[in-house]
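First the structure, in the form of structure tokens, and then the observations on it.
Order of the sequence lines fixes the chain letters, A, B, ..., with proteins taken first and strands second; residue numbering starts at 1 for each chain.
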Protein chains: 2
Amino acid sequence: MARDELTTERTRRTTPRGPSKSQQAYHWLKERIARQEFTPGYRLVLGAIAGELDMSVVPVREAIRQLEAEGLVTFERNVGAHVSMVDDSQYRFSMQSLSVLEGAATALAARALTPDDIREARAINERMIETLDDFDPRAFTALNQRFHAILFARCSNPRMLELVETEWAKLGHLRDSTFSFVPGRAQESVAEHENILVLLESGAPLGEIEKAARRHRVATLDAYMTHEHPDEALGVLDI
Amino acid sequence: MARDELTTERTRRTTPRGPSKSQQAYHWLKERIARQEFTPGYRLVLGAIAGELDMSVVPVREAIRQLEAEGLVTFERNVGAHVSMVDDSQYRFSMQSLSVLEGAATALAARALTPDDIREARAINERMIETLDDFDPRAFTALNQRFHAILFARCSNPRMLELVETEWAKLGHLRDSTFSFVPGRAQESVAEHENILVLLESGAPLGEIEKAARRHRVATLDAYMTHEHPDEALGVLDI
DNA sequence: GTATCTCACATCGTATACCATCTGTCTCAG
DNA sequence: CTGAGACAGATGGTATACGATGTGAGATAC
């Protein structure tokens with residue numbers, strides 16, 4: 001009997017087996033960084049974070065190591081961790097890489113898109129056009145992301161999408177602010193969207209589609225960078 | 001005087017300030033995985049590794065978390081860490097992504113390559129041709145990597161190269177065995193190398209160069225995959 | 001007033017200890 | 001013989017403790 005009780009104790013799950021604390025800390029930090037609550041340069045103090053999350057520093061350290069491996073956080077020995085700073089040059093390199101990856105991802109999705117997908121994407125693009133009067137960058141950007149999400153959803157290569165995701169995560173808050181720099185860029189962008197949709201609908205050669213998608217991303221980069229490096233070739237490979 | 005001695009004691013670095021143990025463990029593990037001493041599926045037991053490296057498990061855990069973030073290691077709660085298995089489908093997706101990234105990287109290096117670079121690359125390629133009689137996959141692969149390293153060295157986008165590196169690391173031991181699958185593939189490969197060199201020398205459009213470089217990588221994939229999915233489109237985007 | 005030194009404190013780095021969880025083996029009922 | 005359950009050992013997960021290191025404020029000499 002005492003034996004049975006013991007057994008019962010043993011069988012019962014004392015902890016409901018959620019995610020490990022390391023994982024909790026990882027997601028918590030990543031979310032904060034993505035939300036810009038922790039902006040680039042922000043100092044991440046292990047003890048403080050551990051206290052906030054009600055855990056010890058060990059899991060927090062592990063989480064920060066993971067984020068470091070992803071490039072979101074910089075960890076300096078005996079100094080501490082900071083949210084990574086993205087300087088202009090890194091930004092350009094990442095955007096150029098993104099243009100290549102997103103171009104390929106779009107092309108790899110092209111043949112799998114259904115007419116419904118196209119319709120949905122076009123509807124979103126039209127809502128983007130509506131937001132152009134009385135321009136709200138936040139709403140515009142949200143729609144923009146939905147637009148591309150629809151295209152990417154059919155990408156036959158999930159790894160390619162992971163690479164895109166990781167790269168965007170690195171850029172952190174800059175992701176959302178891309179369009180605020182050059183207002184005129186928004187109009188251009190919706191026009192390019194429509195252009196891409198037409199190519200997709202018409203079963204254009206994958207090369208054409210890849211080219212258009214790549215240029216679309218690079219144009220964003222150009223818009224952001226205009227004031228800095230006006231005449232440098234910012235990344236349109238001549239495909 | 002006693003004061004001076006104390007000061008001296010204090011100033012002297014008791015630990016010579018090497019890399020942290022976490023970093024040591026990280027590099028040690030990464031090296032082992034790259035060398036195939038830890039093959040895919042190999043179980044990484046924290047305690048054992050800690051003992052081997054003469055440290056406690058905490059730094060080892062951190063190292064494994066970093067490797068997990070890079071995709072080299074899979075970590076399952078309360079079960080343990082394993083060197084990631086790469087199945088055929090993941091392999092294909094990674095190789096396709098690599099073809100895209102390497103194509104772009106080659107194109108981004110094209111205009112910066114000097115005649116000396118081309119000469120050196122060609123010399124290496126000729127040594128590859130020599131190894132074809134009495135074929136030694138190991139030597140061939142080493143030369144192959146040097147060949148591409150020369151081209152990539154001038155790539156204007158370091159981030160693109162990082163992405164290439166990380167992706168190769170994920171494939172681990174498969175990196176070296178690519179050519180052993182289809183013997184005839186080696187001849188083809190050196191011919192493609194020469195083709196790429198000619199394009200580079202002649203200042204061909206970047207699109208042509210990118211296309212050639214991308215096809216080169218995909219051909220390797222085809223060679224590896226032939227027996228599995230003979231007629232699927234394995235990744236040559238129609239650029 | 002300025003530059004340098006010193007010291008205290010904040011923070012990181014790691015080892016140790018202990019609890020939770022899994023896994024394989026052994027037992028026993030059917 | 002078979003399968004379900006229990007137990008023990010192995011292993012992962014986290015907290016705590018303590019040593020190592022960097023940083024900045026204050027003191028001191030010039």
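Summarising the geometry, the separation between NZ on B:K21 and C1' on C:dT16 is reported as 13 Å, rounded to the nearest angstrom. Taking atom CG of A:L46 as the reference point, atom C1' of C:dT14 lies 13 Å away to the nearest angstrom. Summarising the geometry, the separation between CZ on A:R61 and C1' on D:dT14 is reported as 14 Å, rounded to the nearest angstrom. Following rounding to the nearest Å, A:I49 (CD1) and C:dC12 (P) show an atom-to-atom distance of 8 Å. Counting to the nearest Å, the P atom of C:dT21 and the CZ atom of B:R77 are 7 Å from each other. The separation between A:H82 atom NE2 and C:dT11 atom P is 11 Å, rounded to whole Å. Between the CD atom of B:E62 and the C1' atom of C:dT14 there is a distance of 9 Å, rounded to whole Å. Rounded to a whole Å, the CD atom of A:E76 is 16 Å from the C1' atom of C:dA10.
Comparing A:V57 and B:R65 against DNA chain D, the residue whose closest nucleotide sits nearer the 5' end is B:R65. Each of B:G47 and B:V58 has a nearest nucleotide on DNA chain D; the 5'-most of these lies closest to B:G47. Mapping A:G80 and B:D54 onto DNA chain C by nearest heavy atom places A:G80 closer to the 5' end of the strand.
Taking the side chain of A:V45 as heavy atoms from C-beta on, and the options C:dC12, D:dT23, C:dC22, the nearest nucleotide is C:dC12. Candidate nucleotides D:dT23, C:dT11, C:dT16 were compared by shortest atom distance to the side chain of A:R43, and C:dT11 ranks first. For A:N78, the side-chain atoms get nearest to D:dT21 when compared with the rest of C:dT21, D:dT21, D:dA15. Out of D:dT23, C:dT14, D:dT14, the shortest distance to the side chain of A:V79 is found at D:dT23.
Between A:R214 and B:E210 there is a salt bridge, since at least one side-chain N of the basic residue sits less than 4.0 Å from a carboxylate O of the acidic one.
Distances shown here put a side-chain N or O of A:S22 below 4.0 Å from the OP1 or OP2 atom of D:dT14.
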Let me see the working for B:E68 and B:R65 under salt bridge (Lys or Arg N to Asp or Glu O under 4.0 Å), right down to the final yes or no. CA-CA 5 Å; B:E68 188 195 12; B:R65 286 280 186 212; 3.3 Å; yes
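The number of heavy atoms from other shown groups lying within 6.0 Å of CZ (A:R111) is above 12. Environment of CG in B:D116: crowded, with over 12 heavy atoms of neighbouring residues, nucleotides or ligands closer than 6.0 Å.
In this structure, the side chains of B:L151 and B:L113 come closer than 4.5 Å at one or more pairs of heavy atoms.
Residue-level contact check: A:I64 touches neither bases nor backbone, having no heavy atom under 4.0 Å from any strand.
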